[in-house]
Structure formats: C-alpha cells, structure tokens
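Inspection log for the structure reproduced underneath, given as structure tokens.
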Amino acid sequence: MRALIQRAVNSSVSIMTDGEYKLKSSIDKGFVILLGVSNEDTEQDLQKLADKISKLRIFEDENGKMNLSIKDIDGKILLISQFTLYADCKKGNRPSFINAGKPDYANMMYEKFADYLRNLGFEVGTGEFGADMLVNIQNVGPTTIWLDSGDLNR
C-alpha cells in the first residue's frame, strides 16, 4: 500500500457527474492522502500505514518546527484513491499498472482504510473510487511525504 501525504489547506475533490464536476468532499486543514493499493496488501499493512500517518509530526509548532501531528491541530483528512501510485515506468514510455490492485479488492481496501482512519477519530472525506475526479490540493510548505507499507514492515 502506498500513500502520498500532503499537508494541505482548503482542498477538495469533485466528481464528474452529468458532464460537470460536483463537489463531494473538502477540508480546511489537514492531510490530502493519495492512496494506492496492490493485490498483496493486507489489513495489517493498512493498519500500520494509517497508524503511521496519524502520528506523523509534520505540522509546525509555535516555534516553526515540524513537531505537531494532525491530531494536535485538529486536522481533517481528504482521502483519494490513486492506482497510478503503482505505475511502473521502467520500460518504454507508457506506464504499466500491473502492480496496482484489482478494482474490487483495491476499492474494498480503500474503504477499509477510510473506516480505520475514522475509527482513529479523524473526520475523513473521500473521493469516489474509479470516478473521474477533480482534486484541488493547496499543499502548505510544500510538505509532501511518501510512505510505502512494504518499507514499514521491514
């Protein structure tokens, strides 16, 4: 499981419906998380990744140091499914997505990830799995962190 975490403000996701984008979810401050799932990911991977994200101290304290977690600032999460995080660009110029999870499995894990974050006490807005989405991210810092559950399990 792969997550690209962005410290963000005033971010949103809109879903293409009847030829136009309609707002689905938004946050004032917190994380925008782009989440990719592979077929090998387990619920243990999901929990480890979500727990790590919930404790990341990448918000500034009163001294301007990255020392506060998303809980410390009462932040929200905007979670977006992103199979392209599993793009393999080693050969040729067209990415292969063979390592991305099959849609039914990836969607199930995406929904479980959102539920797990909610059970940790976060307000979580989501996109719509497989939809044409317009994601507006106002990345503060900019601060962007890449996490792979495989790295966390070593």
Side-chain angles (χ1 to χ4, degrees), residues 1-18 20-87 100-153:
M1 191 168 281
R2 293 179 176 167
L4 186 71
I5 301 112
Q6 297 189 346
R7 188 175 71 175
V9 296
N10 302 320
S11 297
S12 64
V13 61
S14 298
I15 309 299
M16 177 61 77
T17 307
D18 299 326
E20 65 181 285
Y21 288 104
K22 295 185 180 168
L23 181 66
K24 172 130 187 325
S25 300
S26 64
I27 62 168
D28 293 330
K29 64 179 177 180
F31 288 153
V32 174
I33 302 172
L34 306 177
L35 184 73
V37 176
S38 78
N39 288 320
E40 288 75 40
D41 290 327
T42 66
E43 287 202 36
Q44 181 182 14
D45 293 320
L46 178 154
Q47 292 169 1
K48 258 191 182 175
L49 189 61
D51 289 340
K52 183 68 156 184
I53 290 169
S54 73
K55 295 173 186 161
L56 279 178
R57 296 185 330 182
I58 62 172
F59 292 93
E60 294 177 356
D61 64 15
E62 64 278 358
N63 298 314
K65 302 281 185 201
M66 284 190 189
N67 203 26
L68 300 176
S69 72
I70 188 169
K71 277 194 177 183
D72 295 330
I73 64 134
D74 196 29
K76 297 178 176 66
I77 295 173
L78 184 59
L79 181 66
I80 309 296
S81 62
Q82 187 77 42
F83 78 94
T84 59
L85 291 177
Y86 276 94
K102 300 214 181 315
D104 288 343
Y105 185 72
N107 185 32
M108 177 194 69
M109 293 296 280
Y110 167 74
E111 294 294 338
K112 284 186 176 190
F113 194 86
D115 288 342
Y116 190 82
L117 289 170
R118 288 182 185 111
N119 288 335
L120 290 175
F122 295 104
E123 184 177 320
V124 179
T126 62
E128 184 177 305
F129 188 90
D132 181 355
M133 296 180 276
L134 178 63
V135 183
N136 173 25
I137 303 171
Q138 290 188 26
N139 187 332
V140 176
T143 302
T144 303
I145 307 290
W146 168 265
L147 292 175
D148 188 307
S149 61
D151 296 336
L152 299 177
N153 290 329

Self-check item: Counterpart residues, salt bridge (charged side-chain N to carboxylate O under 4.0 Å, His left out), relative to Asp148 (two or more places apart)
Solution: Arg2
Practice problem: Please report the shortest heavy-atom distance between Ala100 and Asn39, naming the atom on each side. | Solution: O-ND2, 3.9 Å
Self-check item: All side-chain hydrogen bond (donor to acceptor under 3.5 Å, both in side chains) counterparts of Ser26, not counting sequence neighbours
Solution: none
Quiz item: Nearest 0.5 Å, what's the OG-CD1 distance between Ser11 and Ile27?
Solution: 5.0 Å
Quiz item: How would you list, by chain and number, every residue that makes a ring-ring contact (aromatic ring centres under 6.0 Å, His included) with Phe122, sequence neighbours excluded?
Solution: none
Quiz item: Hey, are Asp45 and Thr42 close enough side-chain-wise for a donor-acceptor pair under 3.5 Å?
Solution: yes
Self-check item: Any side-chain heavy-atom pair of Ile80 and Ile137 under 4.5 Å
Solution: no
Quiz prompt | Approximate separation, where rounding is to 0.5 Å, of Ile33 CD1 and Ser81 OG | solution = 12.5 Å
Quiz item: Do Asp72 side-chain atoms and Ser69 backbone N/O form a donor-acceptor pair below 3.5 Å?
Solution: yes
Quiz item: How many angstroms lie between atom CG of Leu152 and atom CD of Gln47, to the nearest 0.5 angstrom?
Solution: 13.0 Å
Quiz item: Does Leu120 reach the side chain of Asp51, with side-chain heavy atoms less than 4.5 Å apart?
Solution: yes
Quiz prompt | ring-ring contact (aromatic ring centres under 6.0 Å, His included) contacts in which one or both residues fall within residues 62-87, not counting sequence neighbours | solution = Phe83-Phe97
Without placing hydrogens or testing angles, list every side-chain donor-acceptor pair under 3.5 Å for residues 123-132, not counting sequence neighbours.
residue: Thr126; atom: OG1; partner: Lys24; partner atom: NZ; Å: 3.2
residue: Asp132; atom: OD1; partner: Tyr21; partner atom: OH; Å: 2.9
residue: Asp132; atom: OD2; partner: Tyr21; partner atom: OH; Å: 3.4

Quiz item: Looking at residues at least two apart in the chain, or sitting in another chain, which of them share a side chain to side chain contact (heavy atoms under 4.5 Å, CB included) with Val9?
Solution: Lys29, Gln138, Val140
Quiz item: Got Thr144 and Gln6 here, is their nearest side-chain heavy-atom distance under 4.5 Å?
Solution: yes
Quiz prompt | Counterpart residues, side chain to side chain contact (heavy atoms under 4.5 Å, CB included), relative to Phe59 (two or more places apart) | solution = Arg7, Phe31, Leu68, Ile70, Ile73
Quiz prompt | Contact check, side chains of Leu134 and Met16, non-hydrogen atoms, under 4.5 Å | solution = no
Quiz item: Can you tell me how far the CG atom of Leu79 sits from the CG atom of Leu117, to the nearest 0.5 Å?
Solution: 6.5 Å
Practice problem: Sort and list the pairs that fulfil salt bridge (Lys or Arg N to Asp or Glu O under 4.0 Å) and have at least one residue in residues 105-121, not counting sequence neighbours. | Solution: Glu43-Lys112, Asp115-Arg118
Quiz item: Residues in side-chain hydrogen bond (donor to acceptor under 3.5 Å, both in side chains) with Asp28, at least two apart?
Solution: none
Quiz prompt | side-chain hydrogen bond (donor to acceptor under 3.5 Å, both in side chains) partners for Asn136, two or more places apart | solution = none
Quiz item: If you take all heavy atoms of Leu23 and Ser12, which pair is closest and at what distance?
Solution: CD1-CB, 3.7 Å
Exercise. Quick one: which residue pairs count as a salt bridge (Lys or Arg N to Asp or Glu O under 4.0 Å) with a foot in residues 55-66, not counting sequence neighbours?
Key: none
Quiz item: Under 3.5 Å, side chain of Asn139 to main-chain N/O of Thr143, donor-acceptor pair present?
Solution: yes
Quiz item: Would you say Lys71's side chain and Gly121's backbone share a donor-acceptor pair under 3.5 angstrom?
Solution: no
Self-check item: Interatomic spacing from CD1 in Ile145 to CD1 in Ile58 - rounded to 0.5 Å
Solution: 5.0 Å
Quiz prompt | Residue Asp18 excluded, over 12 heavy atoms near CG under 6.0 Å | solution = no
Exercise. Output all residues satisfying side-chain hydrogen bond (donor to acceptor under 3.5 Å, both in side chains) with Asp41, sequence neighbours left out; order by chain, then residue number.
Key: Ser38
Practice problem: Please round to the nearest 0.5 Å and tell me the distance separating atom CD of Gln82 and atom CG of Leu4. | Solution: 8.5 Å
